[in-house]
Each structure stands twice: as C-alpha cells, then as structure tokens.
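These notes concern the structure reproduced below.
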Number of protein chains: 2
Amino acid sequence: MVNITITIGLKDGVLDPEGRAIESSLNNLGYHEASEIKTGRLIRFTMNENDHARAHQKVSKMCETLLVNTVIEHYDITIEDLIEE
Amino acid sequence: MVNITITIGLKDGVLDPEGRAIESSLNNLGYHEASEIKTGRLIRFTMNENDHARAHQKVSKMCETLLVNTVIEHYDITIEDLIEE
C-alpha cells in the first residue's frame, strides 16, 4: 500500500480568479504582505500497489483521463510508503 | 521574501463529497486500486517578510480570519526562503 498525493495547479499564464479574489480580500482586511497568490487542488488517497514506478504510471493515467484538466493545469505526484500502525 | 504554501483539508469525520465523486468515477473507469480519497485546497503566495516566526504568525491569522473554515477544515503552513534568481 502506498499513499498518493496529487498536487494540481494552474499553468503559468492561466488566469487564477480565486487567487485574485483572495488577494483583494486580504488587502481589504489589512494584509498587504501577500502577493502572487496562486490556488491549487490536492487529491490524496491510498493505493493498493507496492511498486512505486507502477503506482506512478497508474496515477499519471488517472490524472490524464479524469483528475486533471491538462489544457490549463499541471500536476505533481508524490508517492510514499504507507506505514501500517 | 518567503514562499508560503498553505495546505487545507477537511477534518476527520467531515464528509468529502468531491472525494466520493472522484472515487466512484475512478471505479467506473476501471481504476479500483484507489481508496479513501480525500480532497483539499492549496494556497501559495510570496510574502514580504524575512522572519519565519513572524511570517507564520501572520499567515495563521490570515487562515483563521479568511482562508480556512476552521469548523470543518484544518491547515498546514509551509514557509521557505525565496531564492532570488
């Protein structure tokens, strides 16, 4: 079993309206230090697979077919062995 | 300048309908290995602050007042020095 974390973000140059909204709200609240705010999504799950390379391949396929809009989004896959408690 | 990454997820026990939807869609596509799918949000920005402790304190306040619904969500803050190119 492995723990999978997929980090999804908008590609450079793609407008991030949520980030803009957060930036203007933070400014309105008096927080002026934050800039270039970018938002993203996280998907985490456990996978019944022990081989990291094979897990990576399968998760890439999941991303390309369902989880990520590869036209405007990029993704990173992190794979960690699940430590049984 | 520091790079801030805020990772926001639902607290344990809070229903994650997006995760459920992803799980059932993956099953329909023939991917049966993924289980316990949890979704989350990412917010990344640069901050005009060099002291990590002070940055952490400010970002915590931003989370508590605007960015995170602390009733149902938990958050993690990662702070990294920005390497000027």
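Everything numeric in this text was worked out from a predicted model, so none of it was measured.
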Could you see if A/Met47 belongs to whatever hydrophobic cluster contains B/Leu29? Use Ile, Leu, Val, Met, Phe, Trp, Tyr and a side-chain cutoff under 4.5 Å. yes

Using non-hydrogen atoms and a 4.5 Å limit, figure out which bit of A/Ile43 sits close to chain B: side chain, backbone, both or neither. both

Name the region of B/Leu67, side chain, backbone, both or neither, that has any atom closer than 4.5 Å to a heavy atom of chain A. side chain

Joint hydrophobic cluster, B/Met1 plus B/Ile79, side-chain heavy atoms closer than 4.5 Å: no

Co-members of A/Leu42 in a cluster of I, L, V, M, F, W and Y side chains, linked at under 4.5 Å: B/Leu42

Would B/Leu26 and A/Ile77 show up in the same hydrophobic cluster when neighbours are defined by side-chain heavy atoms closer than 4.5 Å? yes

Enumerate, by atom name, each donor-acceptor pair separated by under 3.5 Å where one atom lies in chain B and the other in chain A.
| from | atom 1 | to | atom 2 | distance (Å) |
| --- | --- | --- | --- | --- |
| B/Glu33 | O | A/Asn48 | N | 3.2 |
| B/Glu33 | OE2 | A/Lys58 | NZ | 3.1 |
| B/Ser35 | N | A/Thr46 | O | 2.9 |
| B/Ser35 | O | A/Thr46 | N | 3.0 |
| B/Ser35 | O | A/Thr46 | OG1 | 3.2 |
| B/Ser35 | OG | A/Thr46 | OG1 | 3.1 |
| B/Lys38 | N | A/Arg44 | O | 2.7 |
| B/Lys38 | O | A/Arg44 | N | 2.7 |
| B/Gly40 | N | A/Leu42 | O | 2.9 |
| B/Gly40 | O | A/Leu42 | N | 3.0 |
| B/Leu42 | N | A/Gly40 | O | 3.0 |
| B/Leu42 | O | A/Gly40 | N | 2.9 |
| B/Arg44 | N | A/Lys38 | O | 2.7 |
| B/Arg44 | O | A/Lys38 | N | 2.7 |
| B/Thr46 | N | A/Ser35 | O | 3.0 |
| B/Thr46 | O | A/Ser35 | N | 2.9 |
| B/Thr46 | OG1 | A/Ser35 | O | 3.2 |
| B/Thr46 | OG1 | A/Ser35 | OG | 3.1 |
| B/Asn48 | N | A/Glu33 | O | 3.2 |
| B/Lys58 | NZ | A/Glu33 | OE2 | 3.2 |

Hphob cluster co-occupancy, B/Met62 + B/Leu66, side-chain heavy atoms under 4.5 angstrom: yes

Kindly work out whether a path of hydrophobic side-chain contacts (I/L/V/M/F/W/Y, heavy atoms less than 4.5 Å apart) joins B/Val14 to B/Val71. yes

Heavy-atom pairs under 4.5 Å with chain B are the metric here; pick the option from A/Ile22, A/Ile8, A/Ile4, A/Val59 that has the most. A/Ile22

